[in-house]
Amino acid sequence: LQLVESGGGLVQPGESLRLSCAASGSPLRGYAIGWFRQAPGKEREGVSCLSGSGESKKYQDSVKGRFTISRDNAKNTVYLQMDNLKPEDTGTYYCAAGDSGSYYNALTATFCYGMNDWGKGTLVTVSS
């Protein structure tokens, strides 16, 4: 599975962006798909995760109510709609895919763990 992110850019606080993760090589349906980000000097962190069925979603607490993950099966693309962006949302955003069992580990409260395929990322900068 090959993943290509797009849609990043420079925006001001309070503005919105929509990131896209286009997949090739296999239909996304059935894969757990996650969005991750890495800020300069910080470790990569999970932002959101969509289950293989597309019916369940997880979000990092800091983005709940502001970010929305979705999938378009016809376009084989997963999106991350980001509203009311804050400077702390700045970072490189990556999408990743894993098997459906990777969606959520209840014991560790970790979503989209052990992803197998990664894109190269798209940079989001939120600054006034």
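What you see below is based on every heavy atom in this structure, not just the backbone, and it leaves out hydrogens, waters and symmetry mates.
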Linking I/L/V/M/F/W/Y whenever any side-chain heavy atoms sit under 4.5 Å apart, do [X] and [Y] land together?
{"X": "Tyr59", "Y": "Leu85", "answer": "yes"}
{"X": "Leu19", "Y": "Leu1", "answer": "yes"}
{"X": "Val124", "Y": "Val4", "answer": "no"}
{"X": "Val63", "Y": "Val126", "answer": "yes"}
{"X": "Met115", "Y": "Tyr94", "answer": "yes"}

Look only at the side chain of [X] and the backbone of [Y], and say whether a donor-acceptor pair between them is shorter than 3.5 Å.
{"X": "Gln81", "Y": "Thr68", "value": "no"}
{"X": "Gln38", "Y": "Thr92", "value": "no"}
{"X": "Glu5", "Y": "Gly121", "value": "yes"}
{"X": "Arg71", "Y": "Gly52", "value": "yes"}
{"X": "Asn116", "Y": "Ala97", "value": "no"}
{"X": "Asn76", "Y": "Ala23", "value": "yes"}
{"X": "Ser48", "Y": "Lys58", "value": "yes"}
{"X": "Asp99", "Y": "Ser102", "value": "yes"}
{"X": "Thr122", "Y": "Tyr93", "value": "no"}

**OP:** May I ask you to say whether Arg37 pairs ionically with Glu45, meaning some side-chain N is under 4.0 Å from a carboxylate O?
**Re:**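 Judged by the 4.0 Å cut-off on N to carboxylate O distance, Arg37 and Glu45 do form a salt bridge.
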Original post:
Are Lys86 and Asp89 within salt-bridge range, i.e. N to O under 4.0 Å?
Top reply: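 Between Asp89 and Lys86 there is no salt bridge, as every charged N stays at least 4.0 Å from the carboxylate O atoms.
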Working to the nearest 0.5 angstrom, can you tell me the gap between [X] [atom1] and [Y] [atom2]?
{"X": "Arg66", "Y": "Asn84", "atom1": "CZ", "atom2": "CG", "value": "6.0 Å"}
{"X": "Ser53", "Y": "Tyr103", "atom1": "OG", "atom2": "OH", "value": "8.0 Å"}
{"X": "Met82", "Y": "Ile69", "atom1": "CE", "atom2": "CD1", "value": "12.0 Å"}
{"X": "Lys57", "Y": "Ser51", "atom1": "NZ", "atom2": "OG", "value": "9.0 Å"}
{"X": "Leu10", "Y": "Glu15", "atom1": "CG", "atom2": "CD", "value": "8.5 Å"}
{"X": "Ile33", "Y": "Leu80", "atom1": "CD1", "atom2": "CG", "value": "12.5 Å"}

Original post:
Does some side-chain heavy atom of Tyr104 sit less than 4.5 Å from a side-chain heavy atom of Ser56?
Top reply: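 Not touching, per the 4.5 Å side-chain cut-off.
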Subject >> Partner set under side-chain contact (heavy atoms from CB on, under 4.5 Å) for Thr77, not counting sequence neighbours >> reply: Ser20, Ala22, Lys75, Tyr79
Original post:
For the residue pair Trp118 and Phe36, does the interplanar ring angle fall in the parallel (under 30°), tilted (30 to 60°) or perpendicular (over 60°) class?
Top reply: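 Tilted: the ring planes of Trp118 and Phe36 meet at 30° to 60°.
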**OP:** Quick one: list whatever passes ring-ring contact (aromatic ring centres under 6.0 Å, His included) with Phe67, sequence neighbours left out.
**Re:**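 Scan of Phe67 (ring-ring contact (aromatic ring centres under 6.0 Å, His included), adjacent residues dropped) gives none.
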**OP:** State, to 0.1 Å, how close Ser100 and Gly30 come at their nearest heavy-atom pair, and which atoms those are.
**Re:**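 Distance-wise, the nearest heavy atoms are CB-O, 3.4 Å.
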Original post:
Between Phe111 and Cys49, what is the shortest heavy-atom contact and its length?
Top reply: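 Heavy atoms only, the tightest pair is CD1-CB, 3.4 Å.
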Original post:
Are Ser127 and Thr125 linked by a side-chain donor-acceptor pair shorter than 3.5 Å?
Top reply: no
